[in-house]
Structure formats: C-alpha cells, structure tokens
Amino acid sequence: MTSASAIPPGFHGTAAAAGIDLAGRTALVTGAGSGIGRACALALAGAGAHVHVVDVDAAAAASVAASTGGRAHVVDLAQAAPVGELPAEVDILVNNAGLQHVAPLTDFPPDRFELLQRVMVHAPFLLLRRTLPYMYARGWGRVVNISSVHGLRASAYKAGYVTAKHALEGLSKVAAVEGAPHGVTSNCVSPGYVRTPLVERQIAAQAAAHGLDADRVVSEVMLGRSAVKRLIEPEEVAAVVLWLCGPHTGHLTGSSLPLDGGWTAT
Ligand code: NAD
C-alpha cells in the first residue's frame, strides 16, 4: 500500500468537537458515494443535517444513504435533465463529484474533455441555479465546491481537469458575490492528493507507466511539490467543509482554501 499514514493523532472530525449543529438543515452532496463526498455526507449527517446523497453509482449511494439516514439519488451529473429533478430545497450544497483523465493536450480526447466540464462545471452551475432561490428565501446558505490544487495550479497532461477546476473557482466566486446579500457563502476547498479511490487508481496507473512501486509514485510524483509528505485523508477535507457550514464562517466567502500541504506556498 502507499506510504502515507491514516488520520493524524488528535484529529477530531466530529461536529461536536467543532461546535457545529446542523439540525433542521438539509444538505445535498454530489459524488457522495465515495471518497471525499462520502466523508462530507457522513460529517454533515453527524452534525444533524438531512443529507441528499447524489451519485451515479447506485450501490454506493444506497450504502452512504443508509449510513447517514439520508436519501439516495442515482443521477448521472453529465446529463442536464436528471440534475433538474434533484431537490431544490437545500441549505447546503456540496459540489464534489468529479473524475480525472490524464493525457497530453495533443492526444486529449475531446469527448473526455467535454465530460469533465459537464460533471465538474455545468452540473454545479445547474445545481446553484436550482438551489440558490431556496437559500435566498431562508436568508442562509452554504455552498462548498470541492476544487483542487489544480484549480489554482496546472500540471501536465491534465487539460480537462485543470480547466474544469479553474472554472469552478470562478463560478464559486460569482456565487459568493451574488449570494452575500442573502446570507449565502460560497467557497472552494482545494486539496492536494487525497487518499480516495480516484487517487488509488492514479497510483496504480502511474506505477505501471513509470515502472515505479506505489510508494515511490506517492512520494516522488504526487507529493513532490507538497511540503507535508503524506496524502490527505478524506475526513480531513470533510472537517473543513463542515467548519465552513458552521456558525463562525459567515464572513468567509469567495475564497479558496488550499489543503495542499504547502504546495501553493512555493
Ligand atoms: P472518488 O472517485 O472517490 O469519488 C467520486 C464520486 O463521484 C464517485 O462516487 C463517482 O461515482 C461520482 N461521480 C463521478 N462521475 C459522476 C457523474 N457523472 N454523476 C454522478 N456522480 C459521479 O473521487 P474523490 O477523490 O473523492 O473526488 C471527489 C472530488 O474531489 C472530485 O471533484 C475531485 O476532483 C476532487 N479532488 C480529489 C482529490 C484527490 O486527490 N482525491 C484532490 C483534489 C480534488
């Protein structure tokens, strides 16, 4: 397995530890069947929110809905029509679903480029359009967009992903500016490499491509630009998402919080 360790000693990702009570709030989390989205759904439900678990993977969505006491919605976010049928009455929107495709620009398949924009930019736009009126009516709302260090920096062979995440950062800022008079904040959380199935697949692929073992792919390829030399755990990302939904962050909007171990500081 990879070199990084589990959640750091002393880590308390619980709502109680953060003093956050989301009883009476409803959240919608996309890509909630796995990885970061799953951790966000669990954290928000742990704070008392009712959670709509949205994912294209029916079994994963059902499993997380069962764990959170929430409701599963099996939706392909690349398709506009079913996105338009998701619940509009949500106080917290976490735009998390995403996918990766790695190829040089000259070989990048146009259909994959478009798919990444549909899932990671167009679906968040449609969901904002759909859910903001309810938040505005209630005078409170939290939008958290799971961006990436690649929303702030570029890497080779990630044209579709870097383009989509930069666009998401811009969309998030517009939502912040328009939402402010209505008590709605919008922020990006922008991690480096997180230990999720998405990254585990990349480790395996890069290990095969470079002829390196998995530990060297993590330490030399993935963590090469990070000052903190371990992968982030999904629960650490979810703890920041939860904090953004709490009572102390009303003035924090239009920002991008880099959880990147110092990558963007260099
Ligand atoms: P993951 O693969 O573990 O989970 C992604 C989830 O999104 C899956 O459950 C998948 O079924 C769902 N999904 C994908 N396409 C979908 C579609 N068309 N419709 C509905 N659901 C769909 O990945 P993850 O690492 O947890 O990534 C979550 C988000 O975090 C993504 O936006 C990703 O870009 C971002 N992110 C991940 C990392 C990382 O290192 N893992 C780093 C920075 C940002």
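On a predicted model such as this, the values are computed, not experimentally measured, just so you know. Note that ligands are numbered from 1 as they come in the structure, with each ligand's atoms numbered from 1 the same way. All values below come from the heavy atoms of this structure, side chains included, with hydrogens, waters and symmetry mates left out.
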>> Walk me through whether Thr26 and His52 qualify under side-chain hydrogen bond (donor to acceptor under 3.5 Å, both in side chains).
In response: CA-CA 8 Å; Thr26 298; His52 293 292; 5.5 Å; no
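- Of the candidates Asn96, Ile146, Val53, the one placing a heavy atom closest to atom 32 (O) of ligand 1 is Asn96.
- Distances from ligand 1 to the non-hydrogen atoms of Ala60 include no value under 4.0 Å.
- Contact annotation: for Val75 versus ligand 1, heavy atoms closer than 4.0 Å belong to the backbone alone.
- In terms of polar-atom proximity, Val54 is not counted as a contact of ligand 1, lacking any N or O under 3.5 Å from an N or O of the ligand.
- Near Gly31, meaning under 4.0 Å from any of its heavy atoms, are these atoms of ligand 1: 6 (C), 7 (O), 12 (C).
- Between Pro197 and Ser34 the shortest heavy-atom distance is CG-OG, 3.4 Å.
- In this structure, Lys165 counts as a contact residue of ligand 1, since one of its heavy atoms falls inside 4.0 Å of the ligand.
- Nearest protein heavy-atom contact of atom 25 (O) of ligand 1 is Thr196 OG1, 2.5 Å.
- Atoms of ligand 1 lying under 4.0 Å from any heavy atom of Gly35, numbered from 1 in the order shown and given with element: 3 (O), 26 (O).
- The only member of Arg153, Glu169, His150 that meets side chain to side chain donor-acceptor pair (under 3.5 Å) when paired with Ser190 is Glu169.
- At least one heavy atom of Arg201 sits less than 4.0 Å from an atom of ligand 1.
- Using modelled atom types, one side-chain atom of Arg130 and one backbone atom of Gly84 make a donor-acceptor pair closer than 3.5 Å.
- Near Val199, with a cut-off below 4.0 Å to any heavy atom, the atoms of ligand 1 are 39 (C), 40 (O), 41 (N).
- Here the shortest heavy-atom distance to atom 11 (O) of ligand 1, taken over Leu198, Asp55, Leu116, Asp57, belongs to Asp55.
- The heavy atom nearest to atom 15 (N) of ligand 1, considering only Val119, Val74, Asn95, Asp76, is found in Val119.
- Using a 4.0 Å heavy-atom cutoff, Ser147 is listed among the residues neighbouring ligand 1.
- Looking only at heavy atoms of the protein, atom 36 (N) of ligand 1 is closest to Tyr161 OH, 3.5 Å.
- Which parts of ligand 1 touch Pro197 is read off a 4.0 Å heavy-atom cut-off, strictly below it: atoms 3 (O).
- Residue Tyr193 approaches ligand 1 through these ligand atoms, each under 4.0 Å from one of its heavy atoms: 40 (O).
- Rounding to the nearest 0.5 Å gives a distance of 9.5 Å between OH of Tyr193 and CG of Leu198.
- Using a 4.5 Å cut-off between side-chain heavy atoms of Ile, Leu, Val, Met, Phe, Trp and Tyr, with links allowed through other members, Val189 and Val51 fall into the same hydrophobic cluster.
- Among all protein heavy atoms, the one lying closest to atom 1 (P) of ligand 1 is Ser34 OG, 3.6 Å.
- Among Gly192, Gly37, Pro234, Ala97, the residue whose heavy atom lies nearest to atom 13 (N) of ligand 1 is Ala97.
- Under a cut-off of 6.0 angstrom, the local environment of CZ in Arg142 is crowded, with over 12 non-hydrogen atoms contributed by other residues, nucleotides or ligands.
- Residue, atom and distance of the protein heavy atom nearest to atom 16 (C) of ligand 1 are Val56 CG1, 3.9 Å.
- Proximity to Leu77 (heavy-atom distance under 4.0 Å) selects the following atoms of ligand 1: 17 (C), 18 (N), 19 (N), 20 (C).
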